[in-house]
Amino acid sequence: MIFFCEDCGKKNVLSSEQLKDGKVVFRCSTCNYWNSYSVKTVKAPDLKRADAFLKTRLHFPEIIGFFLFHTATGVLTNNMPDMLNNSDLEVLGNLLIKTVSIGRSQYPDVKEISLILSSKNITVKMINKDLAVIIVGKTFPLSKPLRDQLDRIGSIDTAQNGHLK
Amino acid sequence: MIPRKAFMQIATVTGVDQYIVVDHMGQIIAHDIKDPERSAGMVFACGRNAYAIGKTRLKYVLFPRENQKNFFIFPVGNYYLGVVKEHSIDNSVLTDNIMTFLTGLLKVRPQ
């Protein structure tokens with residue numbers, strides 16, 4: 001998992017064992033600052049249910065892959081092609097979530113963004129303020145059935161309420 | 001370098017409600033948008049993030065909005081173009097119009 005130093009802001013890669021009772025303690029590998037702060041986590045059973053929910057709902061031929069990303073703990077579930085490892089997804093997820101966040105600072109009603117590339121597209125759908133599902137697809141705009149499912153995904157709330165609606 | 005006047009023609013593209021152009025340092029080159037300073041910061045930061053992901057394959061970024069006045073960011077050489085869509089026009093019509101405009105703009109720019 002990736003955590004950022006509170007002092008210098010540099011990235012630190014930690015094992016899940018260093019996260020206990022919702023708190024992470026580590027010395028920054030760059031500036032040696034001792035970090036100790038609370039992080040929001042998503043319970044494993046909820047994650048499994050969320051992942052199962054998404055796998056069922058996001059079963060469309062136009063989808064190349066998707067992953068769940070949390071602002072504090074990074075990649076939660078990975079259903080992306082093998083060519084992208086978790087480090088790649090951490091970087092991708094962080095950049096995308098930051099982009100949504102900056103967009104919302106200007107337009108607070110923005111709940112998702114799409115990056116349109118020449119051969120694929122990436123859609124970031126915010127489930128709540130910390131949790132997003134990131135979908136890589138082959139075509140844009142998204143099909144109506146997929147669009148409908150994405151709109152319903154807003155009803156998943158694992159990080160705040162601890163259960164699926 | 002694309003002349004400022006050339007960018008200002010974006011206002012005449014069908015479906016464009018507001019626009020802003022920033023350079024690779026985040027400086028405003030041309031605009032007709034509410035709150036240009038904040039918009040410039042958003043377009044620059046989001047455009048740079050998106051470009052870091054898509055590189056030269058990035059066509060545009062879409063921010064859908066509840067009022068249908070969706071916001072778009074297009075990379076244009078060393079610049080980023082931010083556009084607020086008129087609520088009554090389809091996304092695809094606007095993006096086609098802008099892509100056509102930008103293709104023409106990049107063809108005629110002085111070397």
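Throughout, protein chains are lettered first and strands after them, A, B, ... in sequence-line order, and every chain is numbered starting at 1.
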Using heavy atoms and a sub-4.5 Å threshold, report which of residues 42-49 of chain B line up against chain A, by residue number.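 Heavy-atom contacts from residues 42-49 of chain B to chain A are M42(B), A45(B), C46(B), N49(B).
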| field | Those residues of residues 82-94 of chain B, ordered by number, that approach chain A below 4.5 Å (heavy atom to heavy atom) | value |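 The residues closer than 4.5 Å to chain A, in numerical order, are V84(B).
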Assigning hydrophobic clusters by single linkage (Ile, Leu, Val, Met, Phe, Trp, Tyr; side-chain heavy-atom cutoff under 4.5 Å), is [X] placed with [Y]?
X       : Y      : value
Y33(A)  : F3(A)  : no
F4(A)   : V25(A) : no
F140(A) : F60(A) : yes
M99(B)  : V76(B) : yes
F7(B)   : M25(B) : no

Partner chain B: residue of L95(A), L96(A), N121(A), T123(A) with the largest heavy-atom pair count (under 4.5 Å):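 Looking at each option in turn, the highest pair count goes to L95(A).
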(request) Heavy atoms only, distances under 4.5 angstrom: which of I122(A), V91(A), I102(A), V124(A) has the most pairs with chain B? Name it, please. (result)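 Sorted descending by pairs with chain B, the first entry is I102(A).
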Between [X] and [Y], which heavy-atom pair has the shortest distance, and what is it?
X       : Y       : value
F63(B)  : T99(A)  : CE2-O, 4.0 Å
D109(A) : N67(B)  : OD2-N, 4.1 Å
G54(B)  : L117(A) : CA-CD2, 3.8 Å

Distance from R65(B) atom CZ to K111(A) atom NZ, nearest 0.5 Å?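 It comes to 11.0 Å.
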Discussion item. Distance check, rounded to the nearest 0.5 Å: T95(B) atom OG1 versus I116(A) atom CD1?
Written reply: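 T95(B) OG1 to I116(A) CD1: 8.5 Å, rounded to 0.5 Å.
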Return all side-chain donor-acceptor pairs below 3.5 angstrom for residues 26-38 of chain B, not counting sequence neighbours, or 'none' if the list is empty.
unit_1: H31(B); atom_1: ND1; unit_2: I33(B); atom_2: N; d: 3.4
unit_1: R38(B); atom_1: NE; unit_2: Q106(A); atom_2: OE1; d: 3.4
unit_1: R38(B); atom_1: NH2; unit_2: S105(A); atom_2: O; d: 2.2

- [ ] Heavy-atom distances under 4.5 Å only: say whether S39(B) touches chain A with side chain, backbone, both or neither.
- [x]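 Answer is both: backbone and side chain atoms of S39(B) are under 4.5 Å from chain A.
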Margin query: Considering only residues two or more places apart or on different chains, which pairs with a residue in residues 7-22 of chain B satisfy side chain to side chain donor-acceptor pair (under 3.5 Å)?
Written below: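 Listed by first then second residue: D17(B)-K69(B).
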Q: Specify whether F71(B) and Y107(A) have parallel, tilted or perpendicular ring planes, treating 30° as the upper limit for parallel and 60° as the lower limit for perpendicular.
A: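 Ring orientation, 0 to 90° scale: tilted.
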